[in-house]
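Step one of this worksheet: look at the structure below.
Please read these numbers as outputs of a predicted model, since none were measured by experiment.
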Amino acid sequence: MSTVNIANVTVLDNPAPFLSPFQFEISYECVTPLKDDLEWKLIYVGSAEDETYDQLLESVLVGPVNVGNYRFVLQADPPDPSKIREEDIIGVTVLLLTCSYLGQEFVRVGYYVNNDYGDEQLREEPPQKVLIDTVQRNILSDKPRVTKFPINFHPEHAESGEEPPPPHHPAEVDPHEDDSSSPPDHLLDNQEP
């Protein structure tokens, strides 16, 4: 069991217009007190092929973190459509919610996001240039992909000769293991295929 465990993430205001802010209600528990803040980030993957189109939408520090249960709402501006290739705006992409401690990411929650026109006629006959004001986003919040990474939450113990943490091996937790319709993993891992 990790020092910090996410109990629940609720996507608020979903589906919503593409240009609406993102809102996530995050609940987590801490089982041992931490000296430093947790860093939560929300990243929009602008292209499955090229991570230079990824946009950091928000980065917040939350602390102090003592033993107990916590809940907060993370709100972030939408991605800047001018920084996304026109051909990548409509369709499926990924949104990543990460949490780090002392610069070490220990959990990543990935969501598939479907961006499409709200109007049926525009879906059937899309215009040559994307009409961003009419694009709707739908975060597939019932199928998050959670990846956990072991980290050392108490590096001061390592200096005193205590056992170091295990090597960095991510452990994926997929609440829908039998879901064979999942898109490729490389989108959530933010790596090229």
Discussion item. Go through it in stages, so that I can follow the logic: the residues are Ile6 and Val109, the test is side-chain contact (heavy atoms from CB on, under 4.5 Å), and I'd like the CA-CA distance, side-chain angles, deciding distance and then a yes or no.
Written reply: CA-CA 10 Å; Ile6 295 178; Val109 183; 4.1 Å; yes

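- For the 3.5 Å distance criterion, the side chains of Thr10 and Asn8 qualify, holding a donor opposite an acceptor.
- No cation-pi contact links Arg137 to Tyr44, judged by a cut-off of 6.0 Å to the six-membered ring centre and 45° from its axis.
- Apart from Leu12 itself, the hydrophobic cluster it occupies contains Val73, where clustering links Ile, Leu, Val, Met, Phe, Trp and Tyr at side-chain heavy-atom distances under 4.5 Å.
- Pairs of residues two or more places apart, or lying in two chains, that qualify as salt bridge (charged side-chain N to carboxylate O under 4.0 Å, His left out) and include a residue from residues 87-96 are Arg85-Glu87, Arg85-Asp88.
- Taking each heavy atom of Pro78 and Leu19 in turn, the nearest pair found is CG-O, 3.2 Å.
- Around CZ of Arg123, the count of heavy atoms belonging to other residues, nucleotides or ligands within 6.0 Å exceeds 12.
- When all heavy atoms are compared, the tightest approach of Pro144 to Ser141 is CD-O, 3.4 Å.
- Summarising the geometry of Val146 relative to Val107, their closest heavy-atom pair is CG1-CG2, 4.1 Å, with the distance given to 0.1 Å.
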Worksheet item: Do Tyr70 and Tyr28 pass the ring pair (Phe, Tyr, Trp, His ring centres under 6.0 Å) test, and can you show the C-alpha distance, the side-chain angles, and the key distance before you say yes or no?
Response: CA-CA 5 Å; Tyr70 297 88; Tyr28 65 97; 5.2 Å; yes

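- Applying the side-chain hydrogen bond (donor to acceptor under 3.5 Å, both in side chains) test to pairs two or more places apart or on separate chains, those with a residue in residues 56-68 are Glu39-Ser59.
- Rounding to the nearest 0.5 Å places CG of Leu122 at 9.5 Å from CG of Asp116.
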